[in-house]
Amino acid sequence: MNSTVDYFNLDELLGQEYLLIRQAVRDFVRTEILPEIDTKAQQHEEIPNLMKKLGSIGALGPFIPSKYGGAGLDYLAYGLIMQELEAGDSAIRSAASVQSSLVMYPIYTFGSEEQKEKYLPMLATGDWVGAFGLTEPNHGSDPSSMETRLRKEGEGYLLSGTKTWITNAPICDIAIVWARDEDGKVKGVIIERDDIGFSTPEIKNKWSLRASRTGELVFDEVYVSKERLLPGVSSMRGPLSCLNSARYGISWGVIGAAIDCYQVALNYASERTQFGNPIASYQLQQKKLAEMITEITKAQLLSWRLGVLKNENRATSQQISMAKRNNVDMALRIARESRQVLGAMGIVGDYPIMRHMMNLESVITYEGTHDIHLLITGQDITGISSF
């Protein structure tokens with residue numbers, strides 16, 4: 001049986017340093033995540049002390065320079081970290097992705113030196129948990145129509161509005177929030193847990209990402225000092241650049257979920273006997289497995305090339321959009337086909353497939369829906385916007 005998931009020898013393109021990083025995170029997932037994740041997902045609870053555990057292995061803001069507490073790695077390393085975390089569970093990758101790309105990235109890219117020194121080291125260790133506020137109850141795919149507002153008040157601002165579907169909202173210490181000021185400009189502000197008028201009600205009864213805390217960010221005339229305004233941006237370029245970083249990480253992460261499903265299906269098919277033979281000997285099962293490894297391989301090559309371009313600062317938002325859409329769709333289809341291989345056993349918690357499948361139903365929607373990403377590609381190749 002050929003159980004490799006490196007069908008085109010991609011490891012040769014990575015090199016030893018990257019392989020060591022990948023193995024370290026893989027070992028972390030095996031020891032710290034896998035023993036608990038199925039129970040925690042069933043119980044709708046997060047892994048205890050997850051953020052500090054992620055911080056201890058350098059998985060939070062790994063592309064942030066070491067002077068601010070990051071690991072100083074590049075985007076290929078970041079992608080591999082996300083892949084291994086999501087092989088454990090999408091909720092684990094989401095926690096690291098939000099902290100890294102949606103909270104630490106904007107502070108590092110658009111923040112003042114004082115903000116970087118204050119917040120980034122504590123976020124890198126996981127001592128502080130961050131959240132990202134862009135999506136609103138009435139505005140998901142159309143964030144530019146946001147209703148959250150900043151109004152000048154003395155030396156600072158008053159923030160009013162609501163953000164929803166926010167990972168880590170109920171447990172966040174700070175939140176990066178995007179709002180329009182009185183001139184219509186999009187500004188980023190840093191909100192802290194103790195700010196008066198700030199609340200974070202939790203969203204319950206999810207069928208997906210059950211090992212992750214999700215909620216709202218509610219602002220009732222929250223006073224924001226000018227020192228907590230991100231000075232480096234005043235347009236939608238701010239939040240969209242954060243989303244580009246997160247979507248890139250997702251393109252890698254979902255490969256991990258797909259690999260986990262594929263390996264479970266391959267092993268099961270090799271061991272499960274029907275009509276006197278292992279089901280892996282039958283044509284329809286081989287068709288499923290062959291298509292899975294083919295799609296995984298294509299996704300690996302796509303994300304690897306995107307990582308090279310990102311390290312060279314040449315990756316476009318449209319390329320990132322394509323990779324996110326393609327790879328999430330790939331992973332979800334593999335999860336569904338893997339469930340078919342396992343038959344009834346595919347739905348029970350003894351195997352991770354159904355958990356991955358439910359998680360991926362969220363991943364295919366957040367950070368830009370499948371359909372919106374298709375239209376981004378359509379606009380790019382035709383030069384015509386369909387929005």
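Because only heavy atoms are used, hydrogens play no part in the values below, and waters and symmetry mates are left out as well, while side chains stay in. Worth saying up front: this structure is predicted, and the values here are computed from it rather than measured.
Side-chain polar atoms of Thr369 and Asp371 form no donor-acceptor pair below 3.5 angstrom.
Remark: Glu182 CD is packed, more than 12 non-hydrogen atoms of other residues, nucleotides or ligands lying under 6.0 Å away. Applying the 6.0 Å contact sphere to NZ of Lys152 captures more than 12 heavy atoms from other residues, nucleotides or ligands. By the 6.0 Å contact criterion, CZ on Phe8 is open, its count of non-hydrogen atoms from other residues, nucleotides or ligands being 12 or less. Open room surrounds CG on Asn313; 12 or fewer heavy atoms of other groups in view lie less than 6.0 Å from it. The number of heavy atoms from other shown groups lying within 6.0 Å of OH (Tyr268) is above 12. Counting heavy atoms of neighbouring residues, nucleotides and ligands inside a 6.0 Å radius, atom CD of Gln42 does not exceed 12 of them. Taking a 6.0 Å sphere around CD of Glu113, one finds it holds more than 12 heavy atoms contributed by other residues, nucleotides or ligands.
The salt bridge (charged side-chain N to carboxylate O under 4.0 Å, His left out) pairs that include a residue from residues 373-387 number zero, where partners must be two or more places apart or lie in different chains. Sorted by first and then second residue, the side chain to side chain donor-acceptor pair (under 3.5 Å) pairs involving residues 211-220 (not counting sequence neighbours) are Glu46-Arg213, Glu202-Arg213, Lys206-Thr214.
Residues Leu374 and Ile364 do not share a hydrophobic cluster, defined by chaining ILVMFWY side chains whose heavy atoms lie under 4.5 Å apart. Under the 4.5 Å side-chain heavy-atom criterion for ILVMFWY residues, no single connected hydrophobic cluster contains both Val218 and Tyr223.
Of all the heavy atoms in Cys172 and Gly130, the pair that sits closest is CB-C, 4.2 Å. Nearest approach of Ser208 to Ser362, heavy atoms of both residues: OG-OG, 2.7 Å.
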With side-chain contact (heavy atoms from CB on, under 4.5 Å) as the test, would you mind laying out the steps for Leu240 and Leu243 before giving the verdict? CA-CA 5 Å; Leu240 293 181; Leu243 291 173; 4.1 Å; yes

Let's go through Ser251 and Leu306 carefully: what are the C-alpha distance in whole Å and the side-chain angles of both, what is the deciding distance for side-chain contact (heavy atoms from CB on, under 4.5 Å) to 0.1 Å, and is it a yes or a no? CA-CA 9 Å; Ser251 81; Leu306 185 61; 4.3 Å; yes

Steps toward side chain to side chain donor-acceptor pair (under 3.5 Å) verdict (Asn267, Ser270): CA-CA 5 Å; Asn267 290 334; Ser270 301; 5.6 Å; no

Check against side chain to side chain donor-acceptor pair (under 3.5 Å), Tyr366 and Ser94: CA-CA 11 Å; Tyr366 70 33; Ser94 288; 2.6 Å; yes

If you apply the rule side-chain contact (heavy atoms from CB on, under 4.5 Å), what do you find for Ser235 with Val233, and how did you get there? CA-CA 6 Å; Ser235 70; Val233 69; 4.2 Å; yes

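The backbone N or O of Gly368 sits less than 3.5 Å from a side-chain atom of Lys324, completing a donor-acceptor pair. Judged purely by atom type and a 3.5 angstrom limit, Asp74 uses its side chain to pair as donor or acceptor with the backbone of Ala77. With hydrogens and angles ignored, the 3.5 Å screen pairs a side-chain donor or acceptor of Ser241 with a backbone N or O of Arg237. Side-chain N or O atoms of Gln300 include one that pairs as donor or acceptor with a backbone N or O of Val5 at under 3.5 Å. Using a distance-only test at 3.5 Å, with no hydrogens or angles considered, a donor-acceptor pair links the side chain of Thr31 to the main chain of Asp27. Between the side chain of Thr109 and the backbone N or O of Pro106, no donor-acceptor pair lies under 3.5 Å.
Through side-chain heavy atoms spaced under 4.5 Å, either directly or across other Ile, Leu, Val, Met, Phe, Trp or Tyr residues, Ile376 is tied to Ile372, Leu375, Phe387. With side-chain heavy atoms closer than 4.5 Å counting as contact, directly or through intermediates, the hydrophobic cluster containing Val177 also holds Leu150, Tyr157, Leu159, Ile166, Val189, Ile191, Phe198, Leu217, Phe219, Val222, Val224, Leu229.
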Donor-acceptor list for residues 338-349 side chains, cut-off 3.5 Å, not counting sequence neighbours:
from, atom 1, to, atom 2, distance (Å)
Ser338, OG, Cys261, O, 3.3
Ser338, OG, Ile334, O, 2.8
Arg339, NH1, Gly343, O, 2.8

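A salt bridge links Asp11 with Arg22: at least one charged nitrogen is closer than 4.0 Å to a carboxylate oxygen. Looking at Arg30 and Glu84, no side-chain N of the basic residue comes within less than 4.0 Å of a carboxylate O on the acidic one, giving no salt bridge. The pair Asp181-Lys187 counts as a salt bridge, with a side-chain nitrogen and a carboxylate oxygen less than 4.0 angstrom apart. Looking at Arg228 and Asp195, a side-chain N of the basic residue comes within less than 4.0 Å of a carboxylate O on the acidic one, giving a salt bridge.
Atoms OG1 and CG, on Thr148 and Leu134 in that order, are 9.0 Å from each other to the nearest 0.5 Å. Separation of atoms NZ (Lys288) and CD1 (Ile279) is listed at 9.0 Å; rounding is to 0.5 Å. Atoms OH and CG, on Tyr75 and Asn311 in that order, are 9.0 Å from each other to the nearest 0.5 Å. In this structure, Leu266 CG and Ile293 CD1 are separated by 8.5 Å, a value rounded to the nearest 0.5 Å. Note that CD of Gln115 and CD1 of Ile190 are 4.0 Å apart. Values are rounded to the nearest 0.5 Å.
Glu117 pairs by the salt bridge (Lys or Arg N to Asp or Glu O under 4.0 Å) definition with nothing, not counting sequence neighbours.
Paired with His373 under the rule side-chain contact (heavy atoms from CB on, under 4.5 Å), one option of Arg247, Met322, Gln318 passes, and it is Arg247.
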